[in-house]
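Heads up: the structure comes next, in structure tokens.
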Amino acid sequence: QVQLTESGGGLVQAGGSLRLSCAASERTVGTYTLAWFRQAPGKEREFVAAISWSGDSTYYEDSVKGRFTISRENAKNTVYLQMNSLKPEDTAVYYCNAARRSTRSFPKIDFPSWGQGTQVTVSS
């Protein structure tokens, strides 16, 4: 499985913005669909957004539509999550993962492993 490393988290006030990055260990990640997930304290991990290998197709969880934008830069083996208009309920550890599956299938995929994630804290 592709090794992925998340970064860019931090503490931000409600209404603020952050951009997360997820770097892959190998160039073959360019053939994978990539996605972001998050896990808030005491809750299960949930899907946030996915982007196809070409970048032509994206899929978002309803609560982040219009506020978050997923993008990728295959030349850098990296996927990004631009988060605007952040809310306290966006507070979570954010993770990325990869699979050769459609974007809409990602909420149902049972991934065997996860990286360390990056903490996002939104204060009210």
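Just so we're clear, the structure is a prediction, and the values are computed from it rather than from any experiment. All residue numbers refer to positions in the sequence shown, counting from 1.
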For S85 and S17, which heavy atoms make the closest approach, and how far apart are they? N-OG, 4.4 Å
Heavy atoms only: give me the nearest G8-L18 pair and the separation to one decimal. O-CD2, 3.9 Å
Only one of V48, V122, D90, V120 clears side chain to side chain contact (heavy atoms under 4.5 Å, CB included) with M83; which? V120
Filter on ring pair (Phe, Tyr, Trp, His ring centres under 6.0 Å), then keep only pairs touching residues 85-122, sequence neighbours left out; what's left? F37-F111, F37-W114, Y95-W114, F106-F111, F111-W114
Taking all heavy atoms of G30 and all of W53, pick out the closest pair and write down the distance. O-CB, 3.3 Å
To the nearest 0.5 Å, atom CZ of R19 lies from atom OG of S7 at 9.0 Å
Determine, using the 4.5 Å side-chain heavy-atom cutoff (strictly less than), whether F68 and Y59 are members of one ILVMFWY cluster. no
Using atom types as modelled and distance alone, determine if a side-chain donor or acceptor of E26 lies under 3.5 Å from a backbone N or O of T28. no
Would you find a donor on one side and an acceptor on the other, under 3.5 Å apart, between the side chain of T103 and the backbone of A50? no
Report, as yes or no, whether the 6.0 Å neighbourhood of atom CD on Q13 holds more than 12 heavy atoms from other residues, nucleotides or ligands. no
Please say whether more than 12 non-hydrogen atoms of neighbouring residues, nucleotides or ligands are located less than 6.0 Å from NZ in K65. yes
Nearest 0.5 angstrom please: N77 CG to R72 CZ, how far? 9.5 Å
With sequence neighbours left out, the residues meeting salt bridge (Lys or Arg N to Asp or Glu O under 4.0 Å) with E46 are R38
Roughly how far apart are S21 OG and L4 CG, rounded to 0.5 Å? 12.5 Å
Heavy-atom pair with the smallest gap, counting every atom of K76 and T78: O-OG1, 2.7 Å
Would E6 and W36 satisfy side-chain contact (heavy atoms from CB on, under 4.5 Å), going step by step from the backbone distance to the final call? CA-CA 10 Å; E6 304 91 347; W36 287 95; 4.0 Å; yes
Shortest non-hydrogen pair, T91 vs A40, comes out as O-CB, 3.6 Å
Under the 3.5 angstrom rule, does the side chain of Y80 hit a backbone N or O of E73 as a donor-acceptor pair? no
Determine whether L20 and V93 fall in the same hydrophobic cluster, where Ile, Leu, Val, Met, Phe, Trp and Tyr are linked whenever their side-chain heavy atoms lie under 4.5 Å apart. no
Output for pair (T58 OG1, L34 CG), nearest 0.5 Å, gives 13.0 Å
Just by modelled atom types, is the G115 backbone N or O under 3.5 Å from a matching donor or acceptor in the N97 side chain? no
Could you tell me the separation between the CD atom of E89 and the OG atom of S63, rounded to the nearest 0.5 Å? 8.0 Å
Test R27 against N74 for side-chain contact (heavy atoms from CB on, under 4.5 Å), laying out the working first. CA-CA 8 Å; R27 297 180 66 180; N74 288 341; over 6 Å; no
Hydrophobic clusters here meaning ILVMFWY residues chained together by side-chain heavy-atom distances under 4.5 Å, can you tell me if I70 and F47 are in one? no
Distance from C96 atom SG to I51 atom CD1, nearest 0.5 Å? 13.0 Å
Are I109 and V2 connected in the hydrophobic side-chain network, where two residues link if heavy atoms are under 4.5 Å apart? no
